[in-house]
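Heads up: the structure comes next, in structure tokens.
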Amino acid sequence: MRAQSSATTAPRIAVATDQGRPGLGLLQAALGVIAFSLTFPATAWGLEGFGPWSLVAVRSVLAAVIAGGCLLGLRVPLPARRHWPGLAVVGAGVVLGFPLLTTLALQTSTTAHAAVVVGLLPLTTALCSALRVGTRPSRTFWTAALAGAAAVLAFTVQQSGGALSTADLYLFAALLVCAAGYTEGGRLARVMPGWHVIGWALVLCLPLTVPMAALALAQEPVRLTAHSVTGLLWVAVGSQFVGLVVWYRGMAAIGIPKASQLQLAQPLLTLVWSVLLLGEHLPVAAPLTAAAVLVCIAVTQRARG
């Protein structure tokens, strides 16, 4: 009993420390955004050698093995039963739903276009947070958030010619499931360390991802190249585990709405990576959108909710 009590006390102390250091929380959330901004280019690399289902399943299994090893090695106790439904939402939205839907979209969409569509994620996350957690940001916050979302949406429409494709439908569905996962993860990160949240969510999905990986690898051709292996490793370790660890810790420290607004910068960072890593052409409207988005981020970080 004493050992169990000390094990459950330590995470609470860690969470309280993070919540009392908003500067550190802001840095952690920003590092998460940087990690996420590389996800689409890494996915494009991964698709050079893996099928979409194989890539999603294998990345989840690899991330779960790393997370499970950390949880086991540090003898982290199982979460309380009341937290498992929330972890299931995190798993369904962040571990499975968002990676699968965006990977399917990237079969026909450029990373630049997909990144800008997913730029609406901060607004959907803030809305989901308001409905689920009961947060009530200020009017200034919502005005800046909507302005940033409008800039991203205008950029998307201008680049796509006003027509929505199947890839866009995949991306819009990805926004919804990811926002739900982020909201539940941010809520759980207030009562347990952020890496426990994503770690247990990954482990919880193993009964689905292991057979999914075996079936997909048997059906889809695999071609191992430097790009495909690097892309797989990044989306598994950088995006699926490390990025989510710092992201959830950041959300717990500075709040879900403010942390989510940092993601307004994510599509613009991804545009830069798409040029540097994939050789895609940077749209002319990107600098103007970048300036508008950065102004919105500054306003939302100052607004009190």
Side-chain angles (χ1 to χ4, degrees), residues 22 25-40 98 102 105 109-133 135-160 162 164 168 171-183 185-186 243 247 250-251 253-275 282-305:
L26 186 63
L27 175 62
Q28 290 171 331
L31 290 175
V33 169
I34 293 173
F36 299 152
S37 71
L38 283 160
T39 300
F40 284 178
F98 185 79
T102 53
S109 172
T110 65
T111 59
H113 180 81
V116 177
V117 173
V118 175
L120 295 175
L121 182 58
L123 181 58
T124 54
T125 302
L127 289 172
C128 188
S129 171
L131 294 174
R132 176 66 178 89
V133 186
T135 55
R136 294 294 182 268
S138 67
R139 185 177 299 177
T140 301
F141 177 95
W142 282 116
T143 300
L146 288 171
V152 170
L153 185 60
F155 182 89
T156 305
V157 172
Q158 188 267 334
Q159 290 299 308
S160 64
L164 295 180
D168 290 321
L171 292 170
F172 286 132
L175 287 174
L176 298 177
V177 298
C178 190
Y182 277 173
T183 299
W247 173 245
M251 280 200 295
I254 65 176
I256 297 173
K258 285 191 176 183
S260 69
Q261 297 313 303
L262 288 175
Q263 281 197 303
L264 285 169
Q266 183 176 323
L268 302 162
L269 288 173
T270 300
L271 288 177
V272 174
W273 299 129
S274 69
V275 172
L282 187 66
V284 176
L288 295 177
T289 308
V293 166
L294 290 176
V295 170
C296 292
I297 292 175
V299 173
T300 57
Q301 292 304 309
R302 286 180 170 273
R304 294 180 178 180

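Side-chain atoms are counted along with the backbone in the values below, which use heavy atoms only and exclude waters and symmetry mates.
- When every heavy atom of A115 is checked against every heavy atom of P267, the shortest pair comes out as O-CB, 2.9 Å.
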Would you check, one step at a time, whether the test side-chain contact (heavy atoms from CB on, under 4.5 Å) holds for V299 with F141?
CA-CA 7 Å; V299 173; F141 177 95; over 6 Å; no
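- Separation of atoms CG (L175) and OG1 (T124) is listed at 5.0 Å; rounding is to 0.5 Å.
- Going from atom CG of L271 over to atom OG1 of T110 covers 8.5 Å, rounded to the nearest 0.5 Å.
- Shown here is W142, whose CH2 atom has more than 12 heavy atoms of other residues, nucleotides or ligands within 6.0 Å.
- Closest of all the heavy-atom pairs between C296 and G148 is SG-N, 3.3 Å.
- Between F98 and C178, the shortest heavy-atom contact is CD1-CB, 3.4 Å.
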One pair to check against side-chain contact (heavy atoms from CB on, under 4.5 Å): L31 and W247. What are the steps and the verdict?
CA-CA 7 Å; L31 290 175; W247 173 245; over 6 Å; no
For F40 and V118, run side-chain contact (heavy atoms from CB on, under 4.5 Å): C-alpha distance rounded to whole Å, both residues' side-chain angles, the deciding distance at 0.1 Å, then the answer.
CA-CA 10 Å; F40 284 178; V118 175; 3.8 Å; yes
Which is it for Y182 and L121 under the side-chain contact (heavy atoms from CB on, under 4.5 Å) test, yes or no, and what are the steps along the way?
CA-CA 10 Å; Y182 277 173; L121 182 58; 3.4 Å; yes
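- Judged by distance alone, the side chain of S274 and the main-chain N or O of T111 form no donor-acceptor pair under 3.5 Å.
- Residue L171 comes nearest to A114 through the heavy atom pair CD1-CA, 3.7 Å, listed as atom of the first residue, atom of the second, then distance.
- Of the possible polar contacts, none joining the S129 side chain to the T125 backbone as a donor-acceptor pair under 3.5 Å is found.
- Shortest non-hydrogen contact noted between T102 and A174 is CG2-CB, 3.8 Å.
- Between S37 and L269, the closest heavy-atom pair is CB-CB, 3.6 Å.
- Judged purely by atom type and a 3.5 angstrom limit, S109 has no side-chain atom pairing as donor or acceptor with the backbone of A105.
- Rounded to the nearest 0.5 angstrom, L262 CG and I254 CD1 are separated by 5.5 Å.
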